[in-house]
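First comes the structure, then the notes that go with it.
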Amino acid sequence: MDDRTYTADAEPGDTVTVAGWVHEVRDLGGIAFLILRDTTGKIQVKFEKDEMDDDLVETGLNVHRESVISVTGDVEEEPRAPTGVEVTPASVDVISEADPELPLDPSGKVDAELSTRLDNRTLDLRKDEVKAIFEIRAEVLRAVREQFRELGCTEINTPKIVATGTEGGTELFPITYFGQEAFMNQSPQLFKQLMVGSGLEQVFEIGPIFRAEEHNTPRHLNEATSIDFESAFSDHTEAMDACEAVVKAAYEAVEANCQDALEALDLADEFEAPEGEFPRLTYEEAIERINATGELDEPLVWGDDLPTEGEHALGQDVGEHYFITDWPSEIKPFYIMDKDDEVSTGFDMMHPSMELVSGGQREHRYDHLVEGFEQQGLDPEAFDYYTKMFKYGMPPHAGWGLGGERLIMTMLGLGNIREAVLFPRDRQRLSP
Ligand code: ATP
Ligand code: MN
């Protein structure tokens with residue numbers, strides 16, 4: 001619509017055509033108000049029944065909520081109107097009528113279950129506080145890309161249909177690829193590593209990962225967005241520096257550019273970008289501190305993975321983003337470089353409430369790598385496309401993967417990761 005004016009741009013004295021959704025109609029007898037909503041906000045449309053054409057009044061006041069209409073009229077100052085201006089309509093055009101029965105109330109007066117919301121995302125995102133999550137998500141991805149560029153990285157896109165997975169079979173979704181078995185990729189791990197040995201050296205990717213995890217938790221999806229980084233001639237400490245820079249850049253951009261969205265989420269006052277360096281605890285310190293909280297029935301011993309309650313207890317204790325370094329080799333993937341017989345270069349970056357990132361320096365020595373595949377029970381032959389490139393000059397390198405939805409979820413204090421995805425995929429949900 002060439003001649004359309006956004007409601008936020010309608011100034012007193014203008015004659016405008018505004019178009020959007022019928023948010024509400026309030027009939028006060030002699031006078032009635034229609035609140036029209038578009039992506040920039042809302043505007044009041046005034047109907048004075050005695051002074052206006054009957055057809056016009058009828059059209060304006062009988063239209064169902066959430067119908068799409070356009071209104072042409074003069075804008076005047078009106079201090080009592082929600083935005084300080086109102087439109088006196090010369091014409092009202094009903095463009096797309098909505099059913100009187102809505103599956104979800106976009107005015108937010110009636111709360112809806114998450115599943116109803118996810119079934120009706122179009123209506124759900126007409127609510128300011130839901131739309132705000134996705135405005136912030138978009139800003140986070142923009143800021144992350146910019147930060148990666150500042151770090152000298154090139155954005156890459158690697159295949160999501162693959163012949164083999166990194167972590168073995170159970171978490172892979174099989175598909176049929178021209179009569180042959182294939183899988184949805186669970187991580188760009190191997191491909192991004194292949195690119196640090198190419199002329200690109202430093203790469204990042206933002207893309208989907210697919211995990212056939214059976215469990216149903218508020219922080220797992222079966223299709224998630226992974227923010228991946230990999231850098232040649234880097235060790236795990238440099239990878240941690242990059243991780244910290246990217247996460248901080250995301251927070252800072254949201255703080256600087258998303259005040260309206262934060263306001264809609266009621267977070268404007270409390271939102272703070274993390275300051276200072278993220279503490280770096282060794283795994284050994286981490287289990288000692290968890291044990292000292294007394295929150296676990298059984299104390300943790302070397303080699304245990306951190307249980308969810310342990311992560312929570314430690315998170316409360318630390319109270320900010322932090323790293324856990326020096327993980328036992330035995331519980332980190334085989335492609336992570338070991339420091340010695342027991343300790344690896346693997347690290348996790350944690351929000352006080354959950355894991356956000358796993359990373360480490362990678363094993364770039366061909367013989368060690370092939371041995372690792374064997375120890376993992378994987379056939380090195382099946383990964384020949386990957387391992388053979390380690391024979392032709394593979395620099396030492398390090399990197400990490402950050403869960404995009406977990407970053408949004410923890411940043412905004414969302415109770416469920418599904419709220420950070422438009423159309424989440426989980427155990428029960430394949431559509432829409
Ligand atoms: P967790 O132990 O929390 O299930 P993970 O250690 O299996 O995670 P990684 O393989 O280390 O996950 O993946 C790197 C990051 O990707 C994680 O730290 C997390 O932020 C994100 N991630 C992994 N799996 C999922 C998932 N199923 N849903 C959402 N995000 C995920
Ligand atoms: Mn992990």
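For reference, positions follow the sequence shown, starting with 1. Both counts, for ligands and for their atoms, begin at 1 and track the order of listing.
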Q.
Please list, in number order, the atoms of ligand 1 under 4.0 Å from a heavy atom of Ala224.
A. 28 (N), 29 (C), 30 (N)
**Q.** Atom pair CZ/CG of Arg37 and Leu34 - distance to nearest 0.5 Å
**A.** 11.0 Å
Q) Picking from Asp348, Asp326, Asp241, what satisfies salt bridge (charged side-chain N to carboxylate O under 4.0 Å, His left out) with Arg280? A) Asp241
Q) Should the heavy atoms of other residues, nucleotides or ligands under 6.0 Å from CD of Glu97 be counted, would the total exceed 12? A) yes
Q. Are any of the N or O atoms of Leu356 closer than 3.5 Å to those of ligand 1?
A. yes
Q: Number the atoms of ligand 1 from 1 as they appear, then name those within less than 4.0 Å of a heavy atom of Glu355, with their elements.
A: 2 (O), 5 (P), 6 (O), 8 (O), 11 (O), 12 (O), 17 (C), 18 (O), 20 (O)
Q: First locate atom CG of Asn120, then atom CG of Leu125, and finally report the distance between them rounded to the nearest 0.5 Å.
A: 11.5 Å
Q | Where ligand 1 meets Glu213 - atom numbers and elements under 4.0 angstrom, heavy-atom basis | A | 26 (C), 27 (N)
Q.
For the residue pair Glu263 / Gln259, report whether a side-chain donor-acceptor contact shorter than 3.5 Å exists.
A. no
Q: Any atoms of ligand 1 less than 4.0 Å from a non-hydrogen atom of Leu221? List them with their elements.
A: 26 (C), 27 (N), 28 (N), 29 (C)
Q. Contact between Glu405 and ligand 1, counting heavy atoms under 4.0 Å?
A. no
(Q) With a 4.0 Å cut-off on N to O distance, would you call Arg137 and Glu405 a salt bridge? (A) yes
Q: For ligand 1, indicate whether the residue His220 contacts it via side chain, backbone, both or neither (heavy-atom separation under 4.0 Å).
A: both
Q: Any chance you could measure Arg406, atom CZ, to Met349, atom CE, to the nearest 0.5 Å?
A: 11.5 Å
Q: Quick one: the OE2 of Glu355, the Mn ion (ligand 2), OG of Ser358 angle, rounded to 10°, please.
A: 80°
Q. For ligand 1, which atoms, with element, lie under 4.0 Å from some heavy atom of Gly401?
A. 14 (C), 15 (C)
(Q) I'd like to know if Lys131 pairs up with Asp260 as an ion pair, taking the criterion as any Lys NZ or Arg NE/NH1/NH2 lying under 4.0 Å from an Asp or Glu carboxylate oxygen. (A) no
Q | Note: Glu66-Arg126 ion pair, threshold 4.0 Å (strictly below) | A | yes
Q | Per-atom contacts, ligand 1 versus Ile417 - under 4.0 Å to a heavy atom | A | 29 (C)
Q.
With heavy-atom distances below 4.0 Å as the criterion, list the atoms of ligand 1 near Val357.
A. 18 (O)
Q) Can an N or O of Ile209 be found at a distance shorter than 3.5 Å from an N or O of ligand 1? A) no
Q) ligand 1 versus Arg219, non-hydrogen atoms closer than 4.0 Å: side chain, backbone, both, neither? A) both
